[in-house]
Amino acid sequence: STTTAISNNDKPNTHNKNNTPQNKATVVLGAQWGDEGKGKVVDLLAMDADIVCRCQGGNNAGHTVVVDSVEYDFHLLPSGVLNKKATSFIGNGVVIHLPGLFEEAEKNSQKGLQGWEERLKISDRAHIGTVLALLFFCVVFNFHQAVDGIQEQLRQQQAGKNLGTTKKGIGPAYSSKAARNGLRVCDLVSDFSVFEEKFRVLAGHFQTTYPNLNIDIDAELEQLKGYAERLRPLVTDGVYFMHKALNGPSKKILVEGANAALLDIDFGTYPFVTSSNCTVGGVCTGLGVPPSHVGRVYGVVKAYTTRVGVGAFPTEQDNDTGDLLQSRGREFGVTTGRRRRCGWLDLVLVRYAHMVNGFSAIALTKLDILDTLPEIKIGIAYTVDGKPLPSFPANMDVLTKVQVTYETFPGWCCSTEAVRTFDELPSQAQAYIRFIENFLQVPVKWVGVGKSRESMIKLF
Ligand SMILES: *[C@@H]1O[C@H](CO)[C@@H](O)[C@H](O)[C@H]1NC(C)=O
Ligand SMILES: *[C@@H]1O[C@H](CO)[C@@H](O)[C@H](O)[C@H]1NC(C)=O
């Protein structure tokens, strides 16, 4: 039952033989296709965390945190960097786009972020996103148009234009990592002449393959050398850092996932996925943390479903219902401005995310967006050619063909924005939440009904 799940997961940390506390990391993960509002949950938990970590992704994700009506934007920096008492840690599983990192820190500093350099640690095993990673991508996929695009980018960069928000190079950097010609933080901050040699060999290789490629290697190196100096004081042995944090005195450790379960390279709707491990395993591989130190895992679920870009979307409502969710929920991509596709909550999909992640509890966000709907549906089963599917299919052709079985709920047709306790919610909204808990057999711990910190109603 859900009650058992709660008490099990709220057990205090266990102690080892010497009676020194063993800390566990609390994890926040997206349970759908992203944009669930993880930032709000992370923000709540980061307020009293001692360490806030990023374990995967790059600056290709992002969220806004509003503190004292100042909007801070985070893409690569853990949002815990706002908490002056917390250490922020970027693990080995993250790809570090250096111009992006310093630009982001600079922008947030202008808004009032202070002393971040003293509170940020970066794993020496993290990979860096470089121009070479982008070039490597072109070689691997022999993708001439991309080469053109990259040349254009390089031209812009040389002309001094700002590239920080294009969020490119994350996938390529991961390809490079897998191909074993990636460049890591530890390479950059040790003997620069060794790094320079590696860089030149790689660049030479690319230039031979693509004679038309015009990279100013010296300029690149000059820039990287500058970054090396700024990065060096932040770099640490990430495995040792996490080991000490987990085995030392009692600490609250928070891991903020980027992207979401259905965008995971292994478990997502491949190939429309991101390049990293966005499910719970990414915490272990992306930080160097043993599974036994993974504590509570919170899944963030939006009260309906959205998806960016193409690909199968079984509960999509390509009509007035979808339009309403889209406009009320302000479902636009943060960087692209693209409209997100919208549809009903799909619990087949969320249950699948739970199978992979083993959620301790759920944060259900944006419930207030459903306030005006007279009738609300939840997808609860898939069939193909009349045959029920036991779970979420791997094959995207199958996913395109599924028929969704829905459970229909009466709407509550009143505003929930001012509600601050579960009991104050309309009974229809309570029933909606309880149905989700029962279906997933996971308790809902928070329900979001607005933008502010206070609008995250805590259920237990
Ligand atoms: C993600 O996990 C898979 C499977 O464990 C692993 O092979 C891969 O290297 C990981 N990817 C990244 C980018 O860390
Ligand atoms: C809305 O569109 C979906 C498919 O996109 C369809 O299944 C559903 O019946 C439509 N709803 C209405 C009210 O027309």
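The figures that follow rest on heavy atoms only: side chains count, while hydrogens, waters and symmetry mates do not. Ligands are counted one by one from 1 in listed order, and the atoms in each one are counted from 1 as well.
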- Is there a protein heavy atom at a distance of less than 4.0 Å from atom 14 (O) of ligand 2? yes
- Distance under 6.0 Å and angle within 45° of the ring axis: does Arg434 meet both against Phe422? yes
- Is the closest N or O pair between Thr321 and ligand 2 shorter than 3.5 Å? no
- Task: Check Asp371, Ile369, Ile376 against Leu373 for a side chain to side chain contact (heavy atoms under 4.5 Å, CB included) and give me the one that passes.
- Result: Ile376
- Message: As a check for students: among Asn319, Asp320, Val404, Asp323, identify the option with a heavy atom nearest to atom 6 (C) of ligand 2.
- Response: Asn319
- Heavy-atom distances under 4.0 Å are what count here, so tell me which part of Asp318 touches ligand 2: side chain, backbone, both or neither. both
- Query: Only one of Thr26, Asp48, Asp50, Asn23 clears side-chain hydrogen bond (donor to acceptor under 3.5 Å, both in side chains) with Lys252; which?
  - Reply: Asp48
- Task: Please work out whether the ring planes of Tyr382 and Phe392 are parallel, tilted or perpendicular, with thresholds of 30° and 60°.
- Result: tilted
- Nearest protein heavy atom to atom 4 (C) of ligand 2, by residue and atom, and its distance? Glu316 O, 3.6 Å
- Task: Verify the contact flag for atom 2 (O) of ligand 2, where contact means a protein heavy atom under 4.0 Å away.
- Result: yes
- Message: Please tell me whether Tyr304 and Glu331 have a donor and an acceptor in their side chains that are separated by less than 3.5 angstrom.
- Response: yes
